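Since the model is a prediction, treat every value here as computed from it, not as a measurement. Reminder, nothing fancy here: chain letters follow the sequence lines and each chain counts from 1.
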Amino acid sequence: MMKTMHNRDTMHTTFDHKEIEKKWQAKWKESGLYRTDIDSAKEKMFVLDMFPYPSGDGLHVGHPKGYIATDIYSRFKKMSGYEILHPMGWDAFGLPAENFAIKNKVHPRVAVEKNIANFKAQLDHLGFNYDWEHEINTIDPSYYKWTQWIFLKLLEKGLAYQSYEPINWCPSCQTGLANEDLENDGTCERCGSQVEKRPMRQWVLKITDYADRMLADLDTLKKWPEHIKEAQRNWIGKSEGATIDFELQFTHKPEANSNRGPNGEKAALPVFTTRPDTLYGATYMVLAPEHPWVTLAIDDSHDVLKNKKEVKAYVAAAQQKTEIERTNAEKEKTGVEVKGVVAINPANGEKIPVFVADYVLAGYGTGAIMAVPAHDERDFAFARKFLIPIVQVVDTPHSLPFDGAGPLINSGEFDGMNSEEAKAAITKKVGGKLTSTYRLNDWVFSRQRYWGEPIPVIHCEKCGVVPVPEDQLPVTLPEVEHYEPTGTGESPLAAIDEWVNVSCPTCDGPAKRETNTMPQWAGSSWYYLRFIDPKNETALIDPKKEKKWAPVDVYVGGDHAVRHLIYARFWHKFLYDIGVVHTIEPFERLEFLGFILAEDGRKMSKRWGNVINPDDIVAQHGADTIRVYEMFMGPFENTTAWSTNGLVGAQRFLERVYGLSDHLSDTEPEAVTVLLHKTIKKVADDIESFKFNTAVSAMMIFLNAAEEQGVTKASYGTFLKLLAAFAPHITEELWERLGNDYSIHEQPFPEVDESKLTESTVTIGVQVNGRHRGSVTISRDAAEKDVVSAAQADPDVLRHLEGKEIMKVIYVPNRILNLVTGG
RNA sequence: GCCGAGGUGGUGGAGUUGGUAGACACGAGGGACUUAAACUCCCUUGCCACUUAUACUGGCGCGCGGGUUCGAAUCCCGCCCUCGGCACCA
């Protein structure tokens, strides 16, 4: 290929990025370029990042990656004719601010506001197109008024309740936690302490009522990554099966059999099983140590067991174990037979022993199981150890335990029936119910800490729990002397008598405020809605605005695959049910981003001393450089290590773009025009699908060609528009230098001239026997015989055809020619 | 164990309705400019063999082993490894 080289020497022009950034950031602000017109008639596009927690450490270069992507995407959409909403806000309640406040003796609000100012400055340095008129902050009383309002609605609908069940308690953070706040090994995700089970009064949200809908509606989320949906499915953990009652008989104190319940009804315990088809093989029953029946049976006032002491000791020992010890499948099974009581297998009437064992979990299903050792690995191991009969009921050539399906045996009238069919049939015979159970537990919603939204209820001696009347919202967080957690299970708010003691809204009698606060995740469970209508004082959101702007069109973030996204989906569905929103899901499309590691391949952390502050990169290399670089690093969803060399590569690219403005030509080769239109198409398609790395690469390819072959002012201007979303400062500057009107960011995105995309000649690869041997350049859509004769004229091809006869010709027009020879 | 995503040069990565693998960038080597260095620019750069040669040419190459096909990074079968979610969940 011919290359007419311009001498790049003379092309090199450096520019003062600091000057340009300062100039245009000021101009953008002054002209209100990025203001959103919520009432615009244009089609809307709501592009949102997961808003940050404003930590004292500030941003490192990894944080802005997602923000850059949404900035580019929303700028592109604006150029494509949409009215965009691309806001930013602060998730500012939570433990770190509170801990910082305790340590440094400042009010958390003061610390957080300082951090926000720092974050905002860091973001502004990168040239983002946020409309700060739409900023929100979860700690503003005008915001959390509506967080509290949602809680009241949940309470009203019976979806918030108080529970005294043992919950996760972090001894270091001194607060209760939700299951979602724990690591896999049962430690606190925030401080790493081993979490304890502790019974205490808690507010709990009935998220399980929404489990089925949250699971089913995942299928409507066509624009979500599969792995996120899968993580949510796993978290919800639905199992389908049956609940079947097992009658108990007392053998040690037979008189107890005739004297149960007010109507003499028999005692029966329900078990949950996914394999009701194996009921005939159930040779014992197991209860979790925390099962209420067990608790009752070992109570001192009861005396129906033969070995109460022994069972009691086992239960006590089980409670001493940590979560990890309890849930380690590898360890040998332990348990104790409950003597003096047997269960009746409802299928065949056999008397089977009852055990208490900690391999059965109280929090799942009914906390009791029917054990089928022949067809369950765990039951098999347990049965072998305790010498319990093993009865095979599913026919299989495999060895036991076998947990697959097959024709039944030893199952009375069901012999020969297939497992699947037998599930419903056997359940029906024994009067059981086909049910589902979930791994997901209700959301433990109260924290015994200061820095959170007060839960808006009042406890009255006479009336019990009384919601704070809506017109008294927000219940504002009072000033306190000390933020330290009390450790007693009471929040620090409990010490502020003048705040706690109120009169009951119902009876006017003496009452106390709820002193627990909401978890960190409350404010972020609905914040996206508030961006649309941030200053509304009379409603959470104006219905008309909601109708136009919800849901979020593109939501971008990493992490939070379950927690935040589960909670937000839950609240959104609730808001749908009470008529606040009109869609069943909050986020139409989700883009998951990969993180940026430090140059040494480790996570960026103060601990390793490898943190890079974007401010330093902006100062040294420019905001446009870091923007282009972070998009060029690799696929958006990939986690990649920072590379200063790569950054410099992006900077060189921008400097060459800038330098080219001094070397524009009056004409350009057709090839450059054609390439420009290919580039327009490629960049538009790639931004739409979040493939920013290949969009940048396409622009680099165009720049290389334009430098080598020449480019006109018009084409160069078009190219600048493609680059504008990525590098908003220098493109604005160059746009002005070309003599155009302000602003490049309000230009329509260039149109592709489709006629330019089809070149008149094509280069076709030529294969001999499937191996590439040469290529021919020929007019588009050339006839097969012309391509073959052109290929036969190619010496490289000819060499491989020598002395051979062409048996077969495979020709894919404009793509490939394959000559197959005999011999 | 179950489920999901992935494995391509020295590096980040292109390319998957099967059709010229390695675009673009980084790094490296060589050269121009410079008193010198930096910057900038030009050339080379998957591996191996042959060769005075970086020229030709041939062979091998997308985790491994098979298969389908004129043709496989792409489709099928069987493995291995990495990352993520769940996990004594009945």
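- Going from atom CD of Glu630(A) over to atom P of A25(B) covers 20 Å, rounded to whole Å.
- A donor-acceptor contact under 3.5 Å links the side chain of Asn818(A) to the base of C70(B).
- Backbone-only contact: Asn638(A) has heavy atoms under 4.0 Å from sugar-phosphate atoms and none from a base.
- Cation-pi contact between Lys603(A) and Phe595(A): absent, since separation from the ring centre below 6.0 Å together with deviation from the ring axis within 45° is not met.
- Residue Arg799(A) has no polar side-chain atom (N or O) positioned under 4.0 Å from OP1 or OP2 of C56(B).
- Heavy-atom neighbours of Lys433(A) NZ from other residues, nucleotides or ligands within 6.0 Å: at or below the threshold of 12.
- Under the Watson-Crick and G-U wobble criteria, each requiring two contacts below 3.5 Å, nucleotide U35(B) is left unpaired.
- Distance Leu817(A) CG to U20(B) P: 13 Å, rounded to the nearest Å.
- Across the C1' atoms, A73(B) and C86(B) are found 31 Å apart, a figure rounded to whole Å.
- Backbone-only contact: His227(A) has heavy atoms under 4.0 Å from sugar-phosphate atoms and none from a base.
- The shortest distance between the side-chain N/O atoms of Thr694(A) and the OP1/OP2 oxygens of A23(B) is not below 4.0 Å.
- For the C1' atoms, the distance linking G85(B) with G15(B) amounts to 30 Å, nearest Å.
- In this structure, a donor-acceptor pair under 3.5 Å is present between the side chains of Tyr567(A) and Glu180(A).
- Rounded to a whole Å, the CZ atom of Arg652(A) is 15 Å from the P atom of C24(B).
- Place Trp235(A) and Thr639(A) on RNA chain B by their nearest nucleotides, and Thr639(A) ends up nearer the 5' end.
- Nearest nucleotide to the side chain of Tyr359(A), out of C41(B), U20(B), C88(B): C88(B).
- C89(B) and G84(B): their P atoms are spaced 22 Å apart (whole Å).
- For the pair Arg439(A) and Trp235(A), the distance from NZ or CZ to the six-membered ring centre is under 6.0 Å and the angle to the ring normal is within 45 degrees.
- Between the side chain of Gln767(A) and the base of G19(B), a donor-acceptor pair under 3.5 Å is found.
- Across every strand in view, U52(B) sits unpaired, with no contact that passes the Watson-Crick or G-U test at under 3.5 angstrom.
- In this model, the phosphate group of G59(B) is approached by a side-chain N or O of Arg773(A) to a distance below 4.0 Å at OP1 or OP2.
- Partner assigned to A28(B) is U44(B), using Watson-Crick or G-U wobble distances below 3.5 angstrom.
- The pairing partner recorded for U82(B) is A5(B), the criterion being a Watson-Crick or G-U wobble arrangement whose two distances lie under 3.5 angstrom.
- Note on Lys333(A): a base of the nucleic acid sits closer than 4.0 angstrom, heavy atoms only.
- Under the 4.0 Å criterion applied to side-chain N and carboxylate O atoms, Lys238(A) and Asp212(A) are assigned as salt-bridge partners.
- Taking the side chain of Glu230(A) as heavy atoms from C-beta on, and the options C3(B), C89(B), G13(B), the nearest nucleotide is C3(B).
- Among the heavy atoms of the strands lying under 4.0 Å from Thr763(A) is at least one base atom, whether or not backbone atoms are also near.
- Across the protein-nucleic acid pair, Arg771(A) atom CZ and A72(B) atom C1' stand 13 Å apart, rounded to whole Å.
- Annotation: U8(B) and C64(B) have their C1' atoms spaced 15 Å apart (nearest Å).
- As judged by a 4.0 angstrom heavy-atom cut-off over every strand, Ile810(A) is placed among the base-contacting residues.
- A salt bridge between Arg563(A) and Asp181(A) is present, with a side-chain N of the basic residue lying under 4.0 Å from a carboxylate O of the acidic one.
- Atom C1' of G12(B) sits at a distance of 24 Å from the matching atom of G4(B), rounded to the whole Å.
- If you take atom C1' in G13(B) and the same atom in C33(B), they sit 33 Å apart, rounded to whole Å.
- Pair assignment for U16(B): none, as no Watson-Crick or G-U wobble contacts are both less than 3.5 Å.
- Nucleotides U74(B) and G7(B) have their C1' atoms positioned 14 Å apart, rounded to a whole Å.
- Its glycosidic angle being more than 90° from 0, G85(B) falls on the anti side.
- Between Arg233(A) and Asp219(A), at least one side-chain N (NZ, or NE/NH1/NH2) sits under 4.0 Å from a carboxylate O, which counts as a salt bridge.
- Figure legend: cation-pi geometry between Lys333(A) and Tyr359(A), with NZ or CZ positioned under 6.0 Å from the six-membered ring centre and within 45° of its axis.
- Distance Met700(A) CE to A25(B) C1': 6 Å, rounded to the nearest Å.
- Between the NZ atom of Lys238(A) and the C1' atom of C2(B) there is a distance of 18 Å, given to the nearest Å.
- Residue contacts for Val271(A): at a heavy-atom cut-off of 4.0 Å it reaches no nucleic acid atom on any strand shown.
- Phosphate proximity of G58(B) to His800(A): present, with a side-chain N or O under 4.0 Å from OP1 or OP2.
- On the C1' atoms, C83(B) is 26 Å away from C76(B), given to the nearest whole Å.
- Rounded to an integer number of Å, the gap from Asn693(A) CG to C24(B) P is 14 Å.
- Distance from the side chain of Asn234(A) is smallest for C3(B) among the nucleotides C3(B), A25(B), A90(B).
- For Phe632(A), taking side-chain heavy atoms from C-beta onward, the closest of the listed nucleotides G19(B), G85(B), C24(B) is C24(B).
- Comparing Arg815(A) and Asn645(A) along RNA chain B, the residue whose closest nucleotide (by nearest heavy atom) sits nearer the 5' end is Arg815(A).
- The OH atom of Tyr364(A) sits 12 Å away from the C1' atom of C86(B) (whole-angstrom rounding).
- When Watson-Crick and G-U wobble pairs are counted only if both distances are under 3.5 Å, A73(B) pairs with no nucleotide at all.
- Within 4.0 Å of Gly237(A), counting heavy atoms only, lies no atom of the nucleic acid at all.
- Interatomic distance, Lys682(A) NZ to Ile701(A) CD1, rounded to the nearest 0.5 Å: 8.5 Å.
- Residue contacts for Pro225(A): at a heavy-atom cut-off of 4.0 Å it reaches no nucleic acid atom on any strand shown.
- Both distances falling under 3.5 Å, in either a Watson-Crick or a G-U wobble arrangement, occur for no nucleotide opposite U68(B).
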